[in-house]
Amino acid sequence: MRPLFALAALCFVVSFAQPQEPPAGQNDKSKSPHTDCPMHKVHVQAESDSATMNERGNKGMGFSQTKITHHFLLNANGGVIQVEANDPADTASRDNIRMHLSHIARAFSNGDFAIPMFVHDTMPPGVPVMKELSDKISYKSEETPGGGRVIIVTTDAKALDAIQQFLRFQIAEHKTGDSTVAH
């Protein structure tokens, strides 16, 4: 039995030691290994869409999207939009974040969602209801050590659902990885 096992092991080792030709079409060095992915075009389009959104975000928000981190947090009575400078020493981004979020709190209070509509090139879900029920929603801007946040609060169930639709959209668009469940 041992000689048979040794022969099988030797055949196995030899078969992997032989030079192997790559499958047809895979010996082109200039071809990206990802182009064979069935979702390649979708991924490339998503990257392009994200870059375009970030360019609009740079203009609409007044600071580089690559120097900051967004967070969108859902809670039982609304949620939070939080933006922080990635570098604690980047006081220019921090100050621009604070100015932007202060402006956002005032604009949203007045039913003005032009900036998120510009940045995302679409009407984010929840915005029509947030406009309609603006008198039932409060927006408060607060500074944080690295930037700021807008705290969104309501006691109205329909407004709460709209706020959370809006925040979930932001989580997906900005790819923040934040929870889409209220805490």
Side-chain angles (χ1 to χ4, degrees), residues 39 42-43 45-88 90-91 93-183:
M39 296 293 293
V42 173
H43 298 305
Q45 184 62 47
E47 288 173 13
S48 174
D49 291 347
S50 185
T52 303
M53 179 190 68
N54 283 339
E55 287 174 19
R56 288 190 305 266
N58 293 346
K59 292 176 189 169
M61 295 182 215
F63 45 83
S64 170
Q65 301 301 289
T66 61
K67 293 182 176 182
I68 59 93
T69 300
H70 282 93
H71 286 288
F72 303 92
L73 311 171
L74 286 70
N75 59 42
N77 62 351
V80 176
I81 300 169
Q82 185 161 322
V83 185
E84 301 285 330
N86 294 336
D87 179 356
D90 183 0
T91 57
S93 291
R94 180 203 63 203
D95 293 347
N96 286 331
I97 289 166
R98 290 174 177 172
M99 186 170 36
H100 168 70
L101 292 179
S102 176
H103 170 77
I104 286 295
R106 284 190 308 277
F108 285 15
S109 292
N110 294 321
D112 177 359
F113 291 83
I115 291 177
M117 289 168 57
F118 169 74
V119 170
H120 298 286
D121 197 29
T122 191
M123 169 94 58
V127 166
V129 174
M130 291 168 76
K131 286 181 173 187
E132 173 192 334
L133 300 176
S134 63
D135 61 328
K136 297 183 184 291
I137 304 170
S138 70
Y139 301 89
K140 180 183 175 193
S141 176
E142 290 184 348
E143 291 184 0
T144 63
R149 68 174 65 105
V150 174
I151 300 170
I152 308 168
V153 177
T154 189
T155 57
D156 183 271
K158 187 175 176 183
L160 177 63
D161 183 55
I163 292 164
Q164 293 184 348
Q165 286 178 36
F166 176 78
L167 294 173
R168 286 184 186 103
F169 171 80
Q170 298 290 344
I171 290 166
E173 286 285 294
H174 290 278
K175 298 174 178 67
T176 64
D178 294 320
S179 175
T180 56
V181 177
H183 291 41

### Pairing residues for Gln164 by the side chain to side chain contact (heavy atoms under 4.5 Å, CB included) criterion, not counting sequence neighbours
Leu74, Leu160, Arg168, Ala182
### Query
Does the Asp178 side chain pair with the main chain of Phe72, one donor and one acceptor, at a distance under 3.5 Å?
yes
#### Entry: Minimum-distance pair of heavy atoms, taken over all atoms of Ile163 and Ile152
CD1-CG2, 3.6 Å
### Point-to-point distance, once rounded to the nearest 0.5 Å, from CZ of Arg98 to OG of Ser141
9.5 Å
#### Entry: Partners meeting side chain to side chain contact (heavy atoms under 4.5 Å, CB included) with Ala162 (sequence neighbours left out)
Val129, Met130
### Task
State, with a plain yes or no, whether a side-chain heavy atom of His100 is found less than 4.5 Å away from one of Val83.
no
### Message
According to ring-ring contact (aromatic ring centres under 6.0 Å, His included), does anything in residues 140-162 pair up with another residue at least two apart or in another chain? List the pairs.
### Response
none
### Query
Which residue pairs pass the salt bridge (Lys or Arg N to Asp or Glu O under 4.0 Å) test when at least one of the two sits in residues 146-155, sequence neighbours left out?
Glu142-Arg149
#### Entry: Check: Val181 main-chain N/O paired with His183 side-chain donor or acceptor under 3.5 Å
yes
### Task
Please report the shortest heavy-atom distance between Lys136 and Thr154, naming the atom on each side.
O-OG1, 2.6 Å
### Ile104 CD1 to Ile97 CD1 distance, which is reported to the nearest 0.5 Å
12.5 Å
### Query
Under the side-chain hydrogen bond (donor to acceptor under 3.5 Å, both in side chains) test, which residues partner Thr180, sequence neighbours left out?
none
### Query
How far apart are the closest heavy atoms of Val80 and Asn75, and which atoms are they?
CG2-ND2, 4.2 Å
#### Entry: Over all atoms of both residues, closest heavy-atom pair of Ile68 and Ser93
CG2-CB, 4.4 Å
### Task
Can you measure from CD1 (Ile171) to NE2 (His71) and round to the nearest 0.5 angstrom?
10.5 Å
### Task
Go through Lys67 and Asp90 one step at a time and tell me if the side-chain contact (heavy atoms from CB on, under 4.5 Å) criterion holds.
CA-CA 9 Å; Lys67 293 182 176 182; Asp90 183 0; 3.8 Å; yes
### Query
Distance only, no hydrogens: is a donor on one side chain within 3.5 Å (strictly under) of an acceptor on the other, for Arg106 and Ser102?
yes
### Contact check, side chains of Lys158 and Leu133, non-hydrogen atoms, under 4.5 Å
yes
### Message
Counting C-beta onward and ignoring hydrogens, is there a side-chain heavy-atom pair between Thr122 and Phe169 closer than 4.5 Å?
### Response
yes
### Heavy-atom pair of closest approach, residues Arg94 and Pro145
CD-O, 3.4 Å
#### Entry: Gln165 side chain to Pro125 backbone, donor-acceptor under 3.5 Å
no
#### Entry: ring pair (Phe, Tyr, Trp, His ring centres under 6.0 Å) involving Phe166 - partner list, sequence neighbours excluded
Phe108
